[in-house]
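Sequence lines set the chain letters: A, B, ... in the order given, protein chains first and strands last, and positions in each chain run from 1.
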Amino acid sequence: MSIIDTKTVEKLAKLSRLKVTEEEKTILVHELTKVMDMAAKVQSVNTDAVQPMTSVIENAQTPERDDAVSEENRREEYLAIAPKAEMGFYVVPRSVE
Amino acid sequence: MRQDYEMVIGLEVHAQLTTNSKLFSGSSAEFGAEPNTQTCPVDLGMPGVLPVLNTRAVDMGIKFGLAIDANINRVNRFDRKNYFYPDLPKGYQISQMDYPIVEGGYVDIELEDGSEKRINVTRMHLEEDAGKSIHDLGEDRHSHVDLNRAGVPLMEIVSEPELRTAEEAGEYLKKLRSILRFLEVCDGNMEQGSMRCDANVSVRKKGEDKLNTRVEIKNLNSIRNVMRAIEHEAERQIAIYEYGGEIDQETRLWDATKNETRTMRSKEDAHDYRYFPCPDLLPVRIPEDRIEELKKEMPELPDQKKERFMKEYGLSKYDASVLSMQRASANFYESLVNGNRDAKICANWMMGDFFAALNKAGKDISESPISPEQLGELMDLISEGTISGKIAKTVFEEMFETSRSAKAIVEEKGLVQINDTGAIEAIIEDLMQQSPENVQAFREGKTKVMGWFVGQTMKATQGKANPAMVNQILQQKLQG
Amino acid sequence: MTSLIELSLKEVADKLKNREVTATEVTKACLERIKDRNEQINAYVHLTEDKALDMASQCDKRIKEGNARLIGGVPLGIKDIFCTKGDLTTVCSHILDGFRPPYESTVTENLWKSGAVMLGKTNMDEFAMGSSNETSYYGPARNPWNLDCVPGGSSGGSAAAVADYQCFGATGTDTGGSIRQPAAFNGIVGMKPTYGRCSRYGVIAFASSLDQAGPMARTVEDTALMLRCMSGYDPMDSTSADLAIEAYDEGLADLDLKGLKIGLPKEYFMEGLDPQIADLVKQAVKRFEEQGAEVKEVSLPHTDAAVATYYVVAPAEAAANLSRYDGMRYGLRVEGENLMDTYERTRSEGFGWEVKRRIMIGNYVLSSGYYDAYYTKAQKVRSLISQDFKNAFEDVDVIFAPTTPTTAFKLGENSDDPVQMYMNDVFTLPASLAGLPAISVPAGLVEGMPAGLQIIGKAFEDKKVLQVAYAHEQMCGFELKKPE
């Protein structure tokens with residue numbers, strides 16, 4: 001069984017890139033515990049010799065496309081919807097210190 | 001490095017595939033375009049768009065597996081590797097975790113002392129590349145992201161930790177690069193980043209079996225840097241152990257200008273990548289006939305070429321190995337021999353004057369100013385006796401500089417060898433008359449003066465006299 | 001005379017073809033109705049009036065030239081999860097503020113090729129995460145049967161718009177019941193086709209292995225016709241089924257009910273199910289029996305683990321699918337002190353509470369140490385749930401079940417307790433997990449509110465599901481509430 005405490009919530013929030021207030025942490029401890037207790041139901045099912053199901057499409061194989069360039073340059077159209085762009089680049093907060 | 005320690009090195013090589021389009025989209029995968037001009041909604045991680053697998057990337061993966069005699073997983077699968085970074089548009093990389101396309105296989109390397117070693121490959125999987133962040137454009141607080149590279153297919157080739165020296169690591173990389181190039185799946189250019197290497201390094205006392213804590217080194221953009229970084233890292237670790245310290249499991253960055261590694265990420269900051277099967281793709285299934293078809297397309301690989309060169313051309317193992325390492329040099333050599341020229345002389349010329357000239361000019365064989373046909377013509381002039389080997393060197397230098405044909409140079413400069421017995425006899429008789437003391441000396445057993453006569457004869461003919469004939473006539477005349 | 005907007009999709013399509021009405025007239029009638037009602041119902045979040053009228057006039061031109069298409073000139077509502085080129089597409093999330101995709105979803109593309117007209121984007125739970133439409137950034141849509149009640153979710157806006165005569169049909173998506181549950185709550189027909197029937201390309205992803213687009217309309221025939229226009233193989237979706245498009249709307253009455261084997265899963269008639277809904281299902285079954293159908297009890301033994309399975313699998317996929325909303329390339333960015341701060345501010349302000357909660361649940365079940373216990377385990381249970389259906393379908397042709405345990409609940413009633421809310425999906429989740437075709441058709445009224453009968457079929461027997469639903473519709477005599 002899982003124990004979800006404030007520390008777990010903090011770790012999950014970081015993994016998820018979410019900011020949570022102290023008040024929200026308390027609520028999340030409560031709510032996530034409730035959900036995970038419900039989800040723990042899967043652990044009571046006997047799954048010996050059962051294969052995990054990754055897709056409902058059985059025995060199929062992923063289609064493969066020809067190695068052809070089918071896209072043209074539409075940079076201006078894409079950059080136009082970016083929060084910030086200049087000189088043909090996406091401008092983002094500095095990713096190294 | 002201290003003799004009582006040994007290194008344990010494993011390499012992770014990322015090889016960018018030379019496909020036309022990206023791994024999961026129809027954007028061009030070509031290198032060097034203007035920023036963000038080779039992107040589409042799939043590469044940009046826009047909402048609702050989906051990946052579709054590039055068939056040629058799979059073919060290349062299979063070929064690589066065949067080349068290193070590995071197991072091709074008939075069913076393999078793509079997973080999502082989750083982490084946030086501005087140049088990773090979806091917030092996950094589509095990679096292969098549990099079921100890579102290739103497992104096992106090996107690369108045989110040759111070391112300077114002539115010994116050979118087999119390095120086992122753990123696995124090779126296909127994955128998409130990330131974009132590029134540039135940190136020194138514009139104002140301080142921002143980075144600039146170019147997503148042209150995002151989605152370009154990569155092979156990640158992971159070796160077993162069986163490399164024991166920096167030299168072995170270097171040879172392994174050279175061999176791997178040569179295989180990738182022979183297969184024409186990767187151009188192997190480490191400076192441009194189309195082949196990248198991370199090294200996992202640990203050290204231990206010789207004779208020990210255990211694996212000590214390893215450190216991952218990143219940012220290695222040449223084989224030389226890989227070797228230097230490994231050496232430095234090993235020294236650093238030994239020093240720590242000798243002072244009774246412990247090694248932290250961490251990722252370190254190689255700084256080529258400062259010649260050192262520094263901490264990039266500690267174990268505490270290690271990512272939890274939360275891999276899980278990518279639900280947008282189904283398993284890749286590879287039927288036998290696909291593998292059989294690709295086997296037919298397999299080129300001759302470096303090792304096979306080396307064997308053949310030894311057998312077919314009677315080359316030494318060393319010569320065969322040098323000439324077969326690069327596809328371009330192997331092809332050059334075979335065009336040069338062209339079925340009938342003296343294989344040994346051709347090899348000597350290529351590995352001698354030709355490689356030296358290329359080296360001096362800083363040129364790759366693909367940029368050679370002379371073709372194998374041109375060099376072949378020079379070989380012919382030597383074997384026909386039109387010019388001497390010594391003259392040939394001068395002719396070669398001029399050819400390399402001007403790309404002109406050997407015949408043209410020889411004719412223009414009147415370098416044709418003198419094969420006229422009468423003419424050579426006349427010069428020698430003249431010499432003998434002028435210095436009877438040397439004739440006398442020879443006849444008294446000081447055979448060394450023979451060299452003086454040869455030199456003078458050559459000088460008198462500006463080096464054009466056929467050396468073999470000069471020798472023969474001198475012997476005859478001097479002995480009287 | 002029935003007013004124009006009250007016609008069925010099929011009827012209006014025929015009238016358009018016969019040039020009894022023009023697409024422009026029909027479109028204007030719908031727009032007028034929307035404007036009249038949207039303040040109360042809030043079914044539409046982005047109206048595309050100019051586009052609608054433009055598309056309508058093009059349809060009229062084509063019809064005049066004798067090039068009428070299958071549903072030429074029929075106005076539809078499009079769930080705000082389908083990318084339509086150049087139009088606001090926001091999944092009712094703040095994080096996609098102002099997002100106008102530079103591409104079109106395959107499903108909508110197919111609809112436009114069939115001549116449909118787009119009225120606007122319909123309301124939904126944020127990122128399709130919800131069963132009440134209450135998580136929408138634009139406020140909840142309301143149930144036209146009772147404005148105090150939720151329309152269900154996540155395709156609540158689509159269901160309300162259809163029920164309220166604000167369009168002739170609407171697209172929905174169903175991940176765990178998001179088409180069927182709101183269809184049941186609003187007294188309309190909603191179908192989740194077999195996974196792979198409708199392309200997912202351009203449909204904003206929630207849980208990729210479960211998401212499936214489908215039609216919502218007022219009659220089974222309309223639903224079938226819409227499905228015919230939406231579905232089809234798409235090389236841009238690797239999970240799309242490479243099968244020919246069927247004329248689902250043709251031969252709906254051809255099914256011989258005699259000998260049809262109907263399964264009733266005993267696990268579905270359980271505590272928590274409103275007995276009156278159970279009765280409506282049983283009445284429906286009885287009518288089939290009277291026509292010669294055979295009814296059998298079947299067992300789907302892992303039903304009680306379906307909610308747990310779903311709430312592991314879906315959040316896991318969603319957590320990864322929603323990582324792309326990072327404020328770097330499109331949508332909302334809330335600038336922070338540094339990169340990490342920008343990520344966190346953008347995502348904290350951009351996502352609503354339910355979405356954040358599910359992302360965290362997803363990252364929890366995928367994180368090292370919990371992956372096998374939750375994620376892998378849930379995938380195994382999913383196999384068992386799928387196998388349950390296969391076993392049941394050895395004996396029966398279709399399975400009848402209630403769509404929901406209750407009729408539409410009041411706004412705010414379930415919003416305190418996530419688990420209580422998740423339990424609403426208990427009957428719709430299993431078919432989603434197994435990827436099977438399932439439809440909700442009105443079964444009757446419970447205290448004045450509609451309830452749905454769910455019909456589940458074998459994989460790719462979508463047509464049979466529609467035929468059975470059609471037979472039910474003919475016998476049931478359910479009447480949609482007329483607009484005031």
* **Residue pair Leu433(C) / Leu210(C), side-chain heavy-atom distance below 4.5 Å** => yes
* Structure fact -> Rounding to 0.5 Å, atoms CG (Leu17(B)) and CG (Leu154(B)) come to a distance of 7.0 Å
* N/O donor-acceptor pair under 3.5 Å between Arg196(B) side chain and Gly193(B) backbone -> yes
* Please state whether the side chain, the backbone, both or neither of Leu322(C) comes within less than 4.5 Å of a heavy atom of chain B. => neither
* Please round to the nearest 0.5 Å and tell me the distance separating atom CE of Met124(C) and atom SG of Cys92(C). => 6.0 Å
Using a plain distance cut of 3.5 Å, could you tabulate donor-acceptor pairs between chain B and chain C?
residue: Leu44(B); atom: O; partner: Arg329(C); partner atom: NE; Å: 2.7
residue: Gly45(B); atom: O; partner: Tyr330(C); partner atom: OH; Å: 2.6
residue: Met46(B); atom: O; partner: Arg324(C); partner atom: NH1; Å: 2.8
residue: Pro47(B); atom: O; partner: Tyr103(C); partner atom: OH; Å: 2.5
residue: Gly48(B); atom: O; partner: Gly202(C); partner atom: N; Å: 2.7
residue: Pro51(B); atom: O; partner: Ser238(C); partner atom: OG; Å: 2.9
residue: Arg80(B); atom: NH1; partner: Asn321(C); partner atom: OD1; Å: 2.9
residue: Arg80(B); atom: NH2; partner: Asn321(C); partner atom: OD1; Å: 3.1
residue: Tyr85(B); atom: N; partner: Tyr343(C); partner atom: OH; Å: 3.3
residue: Pro89(B); atom: O; partner: Arg329(C); partner atom: NH2; Å: 2.7
residue: Lys90(B); atom: O; partner: Arg324(C); partner atom: N; Å: 3.3
residue: Tyr92(B); atom: OH; partner: Arg324(C); partner atom: NH2; Å: 3.1
residue: Arg141(B); atom: NH2; partner: Gly336(C); partner atom: O; Å: 3.4
residue: Asp272(B); atom: OD2; partner: Ser368(C); partner atom: N; Å: 3.0
residue: Arg274(B); atom: NH1; partner: Asn363(C); partner atom: OD1; Å: 2.6
residue: Asp280(B); atom: OD1; partner: Arg200(C); partner atom: NH1; Å: 3.1
residue: Asp280(B); atom: OD1; partner: Arg200(C); partner atom: NH2; Å: 3.1
residue: Asp280(B); atom: OD1; partner: Ser208(C); partner atom: OG; Å: 3.4

* Return yes if some donor-acceptor pair links the side-chain N/O of Gln16(B) with the main-chain N/O of Val152(B) below 3.5 Å, else return no. => no
* Contact class of Pro235(C) relative to chain B, heavy atoms under 4.5 angstrom -> backbone
* Asked: Which distance, rounded to the nearest 0.5 Å, do you find between the NE2 of His125(B) and the CE of Met155(B)?
  -> 11.0 Å
* Glu297(B) side, atom CD; Asp59(B) side, atom CG - distance, nearest 0.5 Å -> 7.0 Å
* Which atoms of Leu339(C) approach chain B - backbone, side chain, both or neither, heavy atom under 4.5 Å -> side chain
* Asked: Of all heavy-atom pairs between Ile286(B) and Asn73(B), which one has the smallest distance, and what is that distance?
  -> CD1-O, 3.8 Å
* To do: Under 4.5 Å, counting heavy-atom pairs only, tell me which of Pro279(B), Gly45(B), Pro47(B) racks up the most with chain C.
  => Pro47(B)
* To do: Check each atom of Ala207(C) against the heavy atoms of chain B and say whether the ones under 4.5 Å are side chain, backbone, both or neither.
  => neither
